[in-house]
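I have placed the structure first, in the form of C-alpha cells, so that the comments after it can refer back to it.
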Amino acid sequence: MGDYSKDDFLQLIKRFGAFLTVKISNLFHTLDSRSVGAIAGLAFAIVFTWRVWRSPSGPQRRIPKRQGATSSSSGVSNHSSANVATSGVISSSEDSNAQNVIDEFFQPVKPTLGQIVRQRLSEGRKVTCRLLGVILEETSPEELQQEATVRSSVLEVLLEITKICDLYLMERVLDDESEQKVLLALENAGVFTSGGLVKDKVLFCSTENGRTSFVRQLEPDWHIDTNPEITFQLARFIKYQLHVSPTKPERTAINVFNSTTVEQFFGSV
C-alpha cells in the first residue's frame, strides 16, 4: 500500500463507513438488499484502489544536505517544516478527493417511469380502467357521440402499464358509432401497437352497473375510475383503486387512492 500505514487504512474505513450509513439510506426506495450490498462493495473497492494508485510509486528521493556550518542548521529546520506543511496539505487534499469520489458515486439515481409504475402498482398484474375522463378528453357518453380524443399526456403511463400488467379499458356508450370512435382514437394514438393491449380488451356497456360487473368478473388488482359511487361499491372486492378527480370524494376507503390525473399519480408530470 505504498507509504500508507495501517492507521491510515483504518481511518479510511471509518470515514467511508460513517459516510456510507448516511448515503445508502437514499437508495432503499428503489433498490433491494442485494443491490445495495453489491453497490457498497463496489464503492469500497473503487475508493480503496483509488487511494492505492494515489500513493507514491517508490521511496521519496532524499534531498542532499548542504555543506557549510552556518547554513546547515537552518537548512534542516526549514526542510523539516516544509515537509510537515506539505504532508498536511497533501493529506487534506486526498481526504477531500476521496470524499468527492464517494459523493459522485452515491448521487441519487432518478428511477425510470417504468420503475415508478411498477412500484406504485405494488407489483399488480391486472388493471381495469374506465376511458372517459381518464384516457379520453371527453367526460360523458354524449360527448363520445361527437368525438373521441385520447389525452396525449397519459399515453406514456398507459403504455408502461401495458408492459407489466394485463390491462382492460372499459366505458359506457350510447351507440355503436361511439364504440368505433373510441377504438379509432386509441388506434391512431398508437395504443394497440405496443403489443400489450388489443382491441378485444376494450369493453363497452350501456349502463354504469355494466362497468361494475365487468370489474367484478375480471377481478383486477387495481381499478381506475372517476365515478365515486362505483369506486365506493367496489372497495370491498378490489385490492386497490385509483379515483381520478379534482376533488376527493366524501366517502372513501383505505384501499382507494385519489389523484387529479393518472399521470400525476405515477409522477410523470
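Just so it is clear, the values below take in all heavy atoms, side chains as well, and ignore hydrogens, waters and symmetry mates.
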CG (L132) and CE (M170) are apart, to the nearest 0.5 Å, by 13.0 Å
Least distance between heavy atoms, I161 atom then F266 atom = CD1-CE1, 4.1 Å
When hydrophobic residues are tied together by side-chain contacts of less than 4.5 Å, even through go-betweens, does V154 share a cluster with V134?
-> yes
If every non-hydrogen atom of V173 is compared with every non-hydrogen atom of E179, which pair is closest and at what distance?
-> CG2-CG, 3.7 Å
Under a single-linkage definition using a 4.5 Å side-chain heavy-atom cutoff for Ile, Leu, Val, Met, Phe, Trp and Tyr, are V157 and V150 assigned to the same hydrophobic cluster?
-> yes
Can you name the salt bridge (Lys or Arg N to Asp or Glu O under 4.0 Å) partners of R120, sequence neighbours left out?
-> none
To the nearest 0.5 angstrom, please state how far the CG atom of L121 sits from the CG atom of D221.
-> 9.0 Å
Between atom CD of Q217 and atom OG1 of T212, what is the distance when rounded to the nearest 0.5 Å?
-> 11.0 Å
Side chains of residues 184-192: which donor-acceptor pairs under 3.5 Å do they make with residues two or more places apart or in other chains?
| from | atom 1 | to | atom 2 | distance (Å) |
| --- | --- | --- | --- | --- |
| E187 | OE1 | K199 | NZ | 3.3 |
| N188 | ND2 | L184 | O | 3.3 |

What are the two closest heavy atoms between L167 and K201, and how far apart are they?
-> O-CD, 3.5 Å
Salt bridge (Lys or Arg N to Asp or Glu O under 4.0 Å) contacts touching residues 133-151 (sequence neighbours left out) | R151-E263
Who passes side chain to side chain donor-acceptor pair (under 3.5 Å) against S178, sequence neighbours left out?
-> D175
If two hydrophobic side chains count as joined below 4.5 Å and joins carry through other members, does L197 share a cluster with L183?
-> yes
With E160 via salt bridge (Lys or Arg N to Asp or Glu O under 4.0 Å) - residues at least two apart | K163
By side chain to side chain donor-acceptor pair (under 3.5 Å), Q241 pairs with (sequence neighbours left out) none
Any residue meeting salt bridge (Lys or Arg N to Asp or Glu O under 4.0 Å) with E171, in chain and number order, not counting sequence neighbours | R130, R211
Distance col, row T112:OG1 vs K110:NZ, nearest 0.5 angstrom, shows 10.5 Å
Minimum-distance pair of heavy atoms, taken over all atoms of L144 and A148 | CD2-CB, 4.0 Å
Residues which pass side chain to side chain donor-acceptor pair (under 3.5 Å) with N258, listed by chain and number, not counting sequence neighbours | H243
To the nearest 0.5 angstrom, please state how far the OG1 atom of T149 sits from the CG atom of L136.
-> 7.5 Å
Taking all non-hydrogen atoms of both residues, which atom of T260 and which atom of P246 are closest, and how far apart?
-> CG2-CA, 4.0 Å
Determine yes or no for a side-chain-to-main-chain donor-acceptor pair under 3.5 angstrom, with S122 supplying the side chain and G124 the backbone.
-> no
Answer yes or no: is there a side-chain heavy-atom contact under 4.5 Å between C205 and F214?
-> yes
For S259, the side-chain contact (heavy atoms from CB on, under 4.5 Å) test, sequence neighbours excluded, returns L242, Q264, F265
Can you get from L203 to L131 by hopping between Ile, Leu, Val, Met, Phe, Trp and Tyr side chains that sit under 4.5 Å apart?
-> no
Min side-chain heavy-atom separation C129-I135 under 4.5 Å = yes
By salt bridge (Lys or Arg N to Asp or Glu O under 4.0 Å) - contacts of K126 (at least two apart) = none
Indicate every side-chain donor-acceptor pair of residues 230-240 with a distance under 3.5 Å to a residue at least two apart or in another chain.
| from | atom 1 | to | atom 2 | distance (Å) |
| --- | --- | --- | --- | --- |
| T231 | OG1 | N227 | O | 3.0 |
| Q233 | NE2 | E229 | OE2 | 3.4 |

Residue list, side chain to side chain donor-acceptor pair (under 3.5 Å) with S206, at least two apart or on another chain | none
Do the side chains of F257 and V215 join up, straight or via other hydrophobic residues, at under 4.5 Å, putting them in one cluster?
-> no
